[in-house]
Novice: 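Sharing a structure, written as structure tokens. Questions coming.
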Amino acid sequence: MKLNERSLAFYATCDSPADNAGFLYKRGERHTAYHRRWFVLKGNMLFYFEERESREPVGVIVLEGCTVELCDSAEEFTFAIRFGGAKSRTYVLAAESQAAMESWVKSLSRASFDYLRLVVRELEKQLEEMRGGPAGGRGGCWQPPGSWKPKPSGPERSPERLPALPAVLPKENGCAVWNNVPGVDRSPDTSGCGGHDGEGNPRPPPLPPRRRASSSEAGSAGAAAAESPSIFCRLHERYGQEVARLRQDWLDRRRGPQ
């Protein structure tokens with residue numbers, strides 16, 4: 001992979017926020033001596049400089065296809081960045097404290113696009129579970145007190161359910177105008193008003209009743225409309241805390257020791 005040196009140098013020293021920065025001890029490739037370097041992590045690139053005020057990085061490590069793990073060494077707080085392959089180089093680094101080592105291992109493990117891809121897949125899986133779960137149809141993240149109502153112990157009855165038709169059909173001028181009861185046949189017309197009125201004029205056919213939305217259709221439409229804000233609020237609340245904490249850590253590191 002070819003990298004443009006000017007673009008990398010500009011990206012390493014620009015004002016964009018870094019995911020992590022600090023001094024680490026880097027072991028040489030040929031010699032086992034450790035050298036103190038200033039490291040800056042941006043995205044999936046780990047830059048290291050000779051000094052904190054240096055204008056150009058000495059080198060860069062692209063954190064793709066690697067694993068970050070602790071290792072045994074004479075130095076304390078040591079960890080390694082290992083790449084797959086027989087001839088791949090292993091970078092051995094040492095932090096100045098236990099807290100700094102844990103912070104760097106955590107940051108480097110989350111820097112690759114492979115990790116981000118796994119996070120996206122996990123979020124999609126949780127989203128599907130929230131949509132298909134029993135709480136997927138609840139709208140909003142907060143409900144005012146007293147809005148919850150207990151469910152009836154008996155069979156659930158919807159207020160929009162159509163009332164049962166009476167056994168005696170309504171009549172107009174002595175003639176039944178509509179028969180909508182299943183299994184009940186219309187009685188034979190003996191009054192002489194089946195298709196014509198008393199004067200021999202044809203009677204218009206009766207109008208069918210209006211179709212009303214069933215409770216299942218109304219419930220599914222309401223659940224679909226209320227599902228989006230509920231899922232968004234839950235994801236925002238869960239991962240917003242992590243973003244706020246990382247941003248506060250970055251601000252504290254940028255201010256430096258007081």
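Source: prediction; values computed, not measured.
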Novice: Within this structure, what is the CD-CD distance for the pair Glu128 and Gln126, rounded to the nearest 0.5 Å?
Specialist: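 The CD atom of Glu128 sits 11.5 Å away from the CD atom of Gln126.
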Novice: How would you list, by chain and number, every residue that makes a side-chain contact (heavy atoms from CB on, under 4.5 Å) with Ser16, sequence neighbours excluded?
Specialist: Tyr11, Cys14, Lys42
Novice: Can you name the side-chain contact (heavy atoms from CB on, under 4.5 Å) partners of Ser97, sequence neighbours left out?
Specialist: Ala99, Ala100
Novice: Measuring from Gln248:CD to Arg253:CZ, what's the distance to the nearest 0.5 Å?
Specialist: 10.5 Å
Novice: With sequence neighbours excluded, give me every salt bridge (charged side-chain N to carboxylate O under 4.0 Å, His left out) pair touching residues 93-104.
Specialist: Arg36-Glu96
Novice: For the hydrophobic clusters of this structure (ILVMFWY residues joined by side-chain heavy atoms under 4.5 Å, transitively), does one cluster hold both Leu46 and Leu70?
Specialist: yes
Novice: Working to the nearest 0.5 Å, report the span between CG of Asn44 and CG of Leu116.
Specialist: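 The distance works out to 8.5 Å.
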Novice: Are Phe77 and Tyr25 grouped together when hydrophobic residues (ILVMFWY) are joined by side-chain heavy atoms under 4.5 angstrom apart?
Specialist: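 They do not share one cluster, since no chain of ILVMFWY contacts under 4.5 Å joins Phe77 to Tyr25.
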Novice: Does a salt bridge link Glu122 with Lys125, judged by any charged N lying under 4.0 Å from a carboxylate O?
Specialist: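 Looking at Glu122 and Lys125, the cut-off is not met.
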Novice: I would like to know whether Asp19 and Ser107 meet side chain to side chain contact (heavy atoms under 4.5 Å, CB included); could you show each step before the answer?
Specialist: CA-CA 7 Å; Asp19 299 320; Ser107 301; 5.6 Å; no
Novice: Side-chain contact test, heavy atoms from C-beta onward, threshold under 4.5 Å: evaluate it for Leu8 versus Pro57 and give yes or no.
Specialist: no
Novice: Answer whether the closest heavy-atom distance between the side chains of Leu24 and Phe79 falls below 4.5 Å.
Specialist: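 Yes - at least one pair of side-chain heavy atoms lies under 4.5 Å apart.
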Novice: In chain order, what residues pass the ring pair (Phe, Tyr, Trp, His ring centres under 6.0 Å) check against Phe23, with sequence neighbours excluded?
Specialist: Trp38
Novice: Step through the shown structure and confirm whether more than 12 heavy atoms of other residues, nucleotides or ligands are within 6.0 Å of CZ on Arg89.
Specialist: yes
Novice: Would you please name every residue forming a ring pair (Phe, Tyr, Trp, His ring centres under 6.0 Å) with Phe39, sequence neighbours left out?
Specialist: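 Checked Phe39 against ring pair (Phe, Tyr, Trp, His ring centres under 6.0 Å); matches are Tyr48.
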Novice: According to salt bridge (charged side-chain N to carboxylate O under 4.0 Å, His left out), who are the partners of Arg37, at least two apart in sequence or on a separate chain?
Specialist: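 By the salt bridge (charged side-chain N to carboxylate O under 4.0 Å, His left out) rule, Arg37 matches no residue at all.
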Novice: Which distance, rounded to the nearest 0.5 Å, do you find between the CH2 of Trp250 and the CZ of Arg255?
Specialist: 9.5 Å
Novice: Give the cluster check for Val68 versus Met45: same hydrophobic cluster or not, with ILVMFWY residues linked at side-chain heavy-atom distances below 4.5 Å.
Specialist: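 Result: no, two separate clusters.
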Novice: Cluster question for you: counting only ILVMFWY and a side-chain heavy-atom cut-off of under 4.5 Å, with indirect links fine, are Leu41 and Phe83 together?
Specialist: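 Linked within one cluster.
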Novice: Could you tell me whether Arg245 and Asp249 have a side-chain N and a carboxylate O separated by less than 4.0 Å?
Specialist: yes
Novice: If you take all heavy atoms of Ser88 and Gly84, which pair is closest and at what distance?
Specialist: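 Heavy atoms only, the tightest pair is OG-O, 2.7 Å.
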Novice: For Ala18 versus Val40, what's the shortest heavy-atom pair and its separation?
Specialist: CB-CG1, 3.8 Å
Novice: For the side chain to side chain contact (heavy atoms under 4.5 Å, CB included) test, which of Met101, Lys26, Arg27 pairs with Leu93?
Specialist: Lys26
Novice: Verify, without hydrogens or angle tests, whether Glu64 (side chain) and Phe113 (backbone) share a donor-acceptor contact under 3.5 angstrom.
Specialist: yes
Novice: Would you mind reporting whether Ser54 and Glu51 have side-chain heavy atoms less than 4.5 Å apart?
Specialist: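 Yes, close enough: below the 4.5 Å cut-off.
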Novice: In this structure, would Tyr115 and Leu123 fall into the same cluster of hydrophobic residues linked by side-chain contacts under 4.5 Å?
Specialist: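 The answer is yes; both residues are in one hydrophobic cluster.
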Novice: Walk me through it: do Phe47 and Thr13 pass the test side chain to side chain contact (heavy atoms under 4.5 Å, CB included)?
Specialist: CA-CA 10 Å; Phe47 301 93; Thr13 57; over 6 Å; no
Novice: Quick check for you: to the nearest 0.5 Å, what is the distance between Leu246 atom CG and Gln241 atom CD?
Specialist: 12.0 Å
Novice: For the atom pair CZ (Arg110) and CG (Leu108), what is the distance rounded to the nearest 0.5 Å?
Specialist: 11.5 Å
Novice: Tell me yes or no: between the side chains of Tyr34 and Thr78, is some donor less than 3.5 Å from an acceptor?
Specialist: no
Novice: Verify the neighbour count for atom CD of Glu75: are there more than 12 heavy atoms of other residues, nucleotides or ligands below 6.0 Å?
Specialist: yes
